[in-house]
Amino acid sequence: MIPAMCEQFVARAAEPFRLDELWPFAEKLETFGIAGFGWGVAWTEPGGALGCHRDVRAFRDDPAREAIGAIEASSVLLHLRRPSRLSTLDLPDTQPFADPAARFAFSHNGYLRDWRPARARYRAEGRIHGRADSEVGQRWLEDRWDGHGDGLLAELHATFGGHANLATLAADGTPRHYAGNDENPVFTFRLGRIGIASTAIYSVDRSLFRFAARGATNRRLVRLQTTVTLDRDGEARPLQS
């Protein structure tokens, strides 16, 4: 049985690139990862702002992707949905989530095991808008974000448990990807001048590179319970948890 979960990646390069340079990879990731239940993308803008687009349609079916693809940015976070609960197919649960204070964007692949008690608390505070576990992770990050965030994704996973790959894009352009889902490994690699950290189409081998990322170089498996970042040149490096 193929698990019903999402796919996601972060990307960065030394110079700005059109987002649609990544569209062929994103389309294959959606197809072979059996996603297609909504998608979203966050990107860096001049002056330290973050842009964001989300849609409940599949990436391949969203008519806005042509205009979004023409945007130039040096750092990107993209999420392709395949929720474990189809009752969450609505815009409030579509990712990536944007921090209300514009500090970061966040996305999640997998499930957070112990999310319900925190959801009840955030709902009482008027901060819950959807029905999925991922939004609980977003609210938790909002309360703990300190502008650095290197260990936060590992801490989030330790707090809620479950099989969870987690990704953020900070307003300063720093992308982070945490590998915490042994059913869907995370790999780092390069597609031309762009460095990427991506989930692996729910295949515990390296089929990602056969079906979605042909021609990728510098291929590396991210060790479980490790957070990686992409530096200003798009090179991957692990962070201390």
>> Both conditions, 6.0 Å and 45 degrees, for the charged tip of Arg206 above the ring of Phe187: are they met here?
In response: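 No, a cation-pi geometry is absent between Arg206 and Phe187.
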>> Do Arg193 and Phe17 form a cation-pi contact, if we require the NZ or CZ to be under 6.0 Å from the six-membered ring centre and within 45 degrees of the ring's axis?
In response: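 Here Arg193 fails the 6.0 Å and 45° test against Phe17.
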Do [X] and [Y] land in one hydrophobic cluster if side-chain heavy atoms of ILVMFWY residues count as linked below 4.5 Å?
X      : Y      : value
Phe209 : Tyr202 : no
Phe160 : Phe104 : yes
Leu239 : Val222 : no
Phe211 : Leu80  : yes
Tyr178 : Leu208 : no

Tell me if a side-chain donor or acceptor on [X] pairs with a main-chain N or O of [Y] at a distance below 3.5 Å.
X      : Y      : result
Asn165 : Asn181 : yes
Trp140 : Thr159 : no
Arg190 : Gly234 : yes
Asn109 : Cys6   : yes
Arg12  : Pro175 : no
Asp93  : Arg131 : yes
Asp205 : Ser207 : yes
Arg214 : Arg210 : yes
Arg103 : Glu142 : yes

Work out which heavy atom in [X] is nearest to a heavy atom in [Y]; give both atom names and the distance.
X      : Y      : value
Val41  : Pro96  : N-CD, 3.5 Å
Ile128 : Arg139 : CD1-CG, 4.2 Å
Asn184 : Ala200 : OD1-N, 3.0 Å
Gly33  : Glu7   : CA-OE2, 3.7 Å
Leu22  : Ala11  : CD1-CB, 3.8 Å
Gln138 : Phe106 : OE1-CB, 3.1 Å

Surrounding [atom1] of [X] (heavy atoms of other residues, nucleotides or ligands, distance under 6.0 Å), is the total greater than 12?
X      : atom1 : result
Glu72  : CD    : yes
Arg220 : CZ    : no
Arg121 : CZ    : yes
Glu125 : CD    : yes

>> Set out, in order, the CA-CA distance, both residues' side-chain angles and the distance that settles side-chain contact (heavy atoms from CB on, under 4.5 Å) for Thr94 and Asp55, then state yes or no.
In response: CA-CA 7 Å; Thr94 304; Asp55 198 281; over 6 Å; no
>> Within the 3.5 Å criterion, strictly below it, is a donor on Asp182 or His163 matched to an acceptor on the partner's side chain?
In response: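 Yes, His163 and Asp182 have a side-chain donor paired with an acceptor closer than 3.5 Å.
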> Can Ser107 and His79 be counted as having a side-chain donor-acceptor contact under 3.5 angstrom?
Replying inline: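 Checked: Ser107/His79 side chains show no N/O donor-acceptor pair below 3.5 Å.
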>> Applying the side-chain contact (heavy atoms from CB on, under 4.5 Å) criterion to Val186, which one of His177, Gln8, Arg223 satisfies it?
In response: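 Only one option passes, and that is His177.
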>> Checking side-chain contact (heavy atoms from CB on, under 4.5 Å) between Val136 and each of Arg123, Arg116, Arg119, which is the one that passes?
In response: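 Of Arg123, Arg116, Arg119, side-chain contact (heavy atoms from CB on, under 4.5 Å) with Val136 is met by Arg119 alone.
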> So, are Glu21 and Arg18 salt-bridged, with charged N and O less than 4.0 Å apart?
Replying inline: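 Salt bridge: no.
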> Residues in side-chain contact (heavy atoms from CB on, under 4.5 Å) with Pro92, at least two apart?
Replying inline: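 Residues passing side-chain contact (heavy atoms from CB on, under 4.5 Å) with Pro92: Asp90, His129.
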To the nearest 0.5 Å, what is the distance between [atom1] on [X] and [atom2] on [Y]?
X      : Y      : atom1 : atom2 : answer
Asp61  : Glu30  : CG    : CD    : 7.5 Å
Leu141 : Glu155 : CG    : CD    : 9.5 Å
Leu156 : Arg144 : CG    : CZ    : 8.5 Å
Cys52  : Trp43  : SG    : CH2   : 6.5 Å
Asp62  : Ile68  : CG    : CD1   : 8.0 Å
Arg113 : His157 : CZ    : NE2   : 8.0 Å

> Are Phe97 and Arg54 close enough, and set up right, to give a side-chain contact (heavy atoms from CB on, under 4.5 Å), and what steps lead you there?
Replying inline: CA-CA 9 Å; Phe97 299 111; Arg54 300 182 299 160; 4.2 Å; yes
> What's in the same ILVMFWY side-chain cluster as Val10, cut-off under 4.5 Å, chained through other members?
Replying inline: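 Val10 shares its hydrophobic cluster with Leu50, Leu77, Leu169, Leu230.
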> Hey, what's the ring geometry for Phe25 with Phe189, parallel, tilted or perpendicular (30° and 60° as the breaks)?
Replying inline: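 Phe25 vs Phe189 ring planes: perpendicular.
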> Where does the angle between the aromatic ring planes of Phe59 and Trp39 fall among parallel (under 30°), tilted (30 to 60°) and perpendicular (over 60°)?
Replying inline: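 Perpendicular.
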> Does the pair Arg237 and Thr229 meet the rule for a side-chain contact (heavy atoms from CB on, under 4.5 Å), with working shown?
Replying inline: CA-CA 6 Å; Arg237 61 181 181 86; Thr229 188; 3.7 Å; yes
> Between His53 and Leu19, is a side-chain contact (heavy atoms from CB on, under 4.5 Å) present by the stated rule, with each step listed?
Replying inline: CA-CA 12 Å; His53 170 80; Leu19 298 192; over 6 Å; no
